[in-house]
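Structure first, commentary second.
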Amino acid sequence: MADAVVASRKPFYKELQAGRSYLWCACGRSKRQPFCDGRSHEGTGIDPVKYTAAVDREEVLFCGCKQTATPPFCDGAHSNLPGGYADEAEIVEDLPWAESDAAGVRVLDGHCYVIRADATRPADAPDWWCRTIVSTDMGAQHQAQFYAELTSGRSPVLASAAGDVVLWVVGGAGEVEISGRGFAIACDTGVYVRAGEAFRFTQSGTATLAVHIHACPATQMLDTLDTMPGNFDTAWPDRLASVDESQRHAMGPRYFQLLVDKRVGSTTATQFIGHIPQSRAEMHRHLYEEALVILSGDGVIWNDGARARVAAGDVIFFPRKHRHSLQCTATDGMNVVGLIHPGDNPGINY
Ligand code: FES
């Protein structure tokens with residue numbers, strides 16, 4: 001069998017018609033990319049792959065590099081081809097810098113913004129303090145995010161009527177109780193709370209327990225319950241995700257590790273931790289909505305119409321299909337934790 005050849009180092013975005021079948025070119029030789037032209041694969045031993053769209057206007061990314069392990073769709077393998085994850089060639093130095101408002105928000109273009117998570121914490125903040133970072137009011141359609149700090153004691157009982165909740169601990173230690181079951185948590189821990197369950201935090205030690213709370217699908221606010229329900233879903237007993245260098249996936253010069261994902265029961269929301277070396281990726285888009293928490297390092301987020309400086313403690317919100325590039329300017333690189341929804345692979349870009 002012949003090798004597949006690279007037709008394109010990027011996937012092809014297509015909107016499909018329900019019930020219609022598409023023949024994806026697997027050999028890379030078709031003159032009708034990304035589809036089979038009926039003849040170019042002859043003699044290669046590589047057959048095209050048929051896909052029938054389930055819903056109208058289904059949005060897909062057909063693999064162009066023909067190296068995907070999930071044919072006919074892109075799985076991000078193109079980023080690891082030579083030239084597949086290039087630095088941005090065109091630097092537009094006169095783009096305006098987004099200005100911060102009183103809430104610590106710097107709006108770029110098209111609902112993309114940077115927000116300083118703790119910018120509105122009052123000097124006399126109560127033991128439990130929580131603010132909105134991403135919500136439907138702020139333009140999100142697929143996820144919400146709240147930033148919370150607990151200096152001592154226990155938080156209220158919280159839940160999201162919208163569905164799943166994914167947590168990321170950025171400081172301190174303690175316990176999270178999920179619908180009657182307790183889990184010890186510390187800095188750099190991911191946690192999954194299934195739809196219908198509730199959760200609350202207990203702080204321990206001397207440091208403030210600080211947590212990013214993601215809710216998917218999008219919502220405007222978390223619910224506060226009077227009592228903790230006892231409906232922990234025992235079919236999914238493992239809810240914690242931690243950093244494990246052996247689980248890293250390369251993405252060009254970057255790498256990421258999946259944290260909360262389908263392995264702990266989350267089917268549409270995926271949490272990951274990633275590292276960006278000192279570099280600026282070329283402009284790209286995603287089909288999922290994404291919120292990135294900067295854990296360390298600094299850099300610049302670029303859109304088509306504006307740019308903003310980012311540093312540890314900032315959150316960047318990216319709408320679906322928004323063209324952007326995140327530049328790391330720190331010599332030690334930048335570490336981020338992200339939440340994508342809907343999606344299961346943060347390595348896919350177009
Ligand atoms: S284009 Fe082939 S894996 Fe993305």
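Residue numbers run from 1 in the order of the sequence given. First listed ligand is number 1; within each ligand, the first listed atom is number 1.
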### Task
Check atom 2 (Fe) of ligand 1 and write out every protein N, O or S atom at under 2.8 Å, as residue and atom.
C63 SG, C65 SG
### Task
Give, for atom CG of L209 and atom CD of E149, the distance between the pair rounded to the nearest 0.5 Å.
9.5 Å
### Task
Applying salt bridge (charged side-chain N to carboxylate O under 4.0 Å, His left out), name anything that partners D37, two or more places apart in sequence or on another chain.
none
### Query
Where do Q247 and L258 land on the side-chain contact (heavy atoms from CB on, under 4.5 Å) test, with the steps shown first?
CA-CA 8 Å; Q247 301 290 314; L258 297 172; over 6 Å; no
### Message
Side-chain heavy atoms nearer than 4.5 Å, only ILVMFWY residues, links allowed to pass through others: does that put Y288 and V336 together?
### Response
yes
### Query
Are T52 and S21 linked by a side-chain donor-acceptor pair shorter than 3.5 Å?
yes
### Query
What distance separates W236 CH2 from Y192 OH, expressed to the nearest 0.5 Å?
8.0 Å
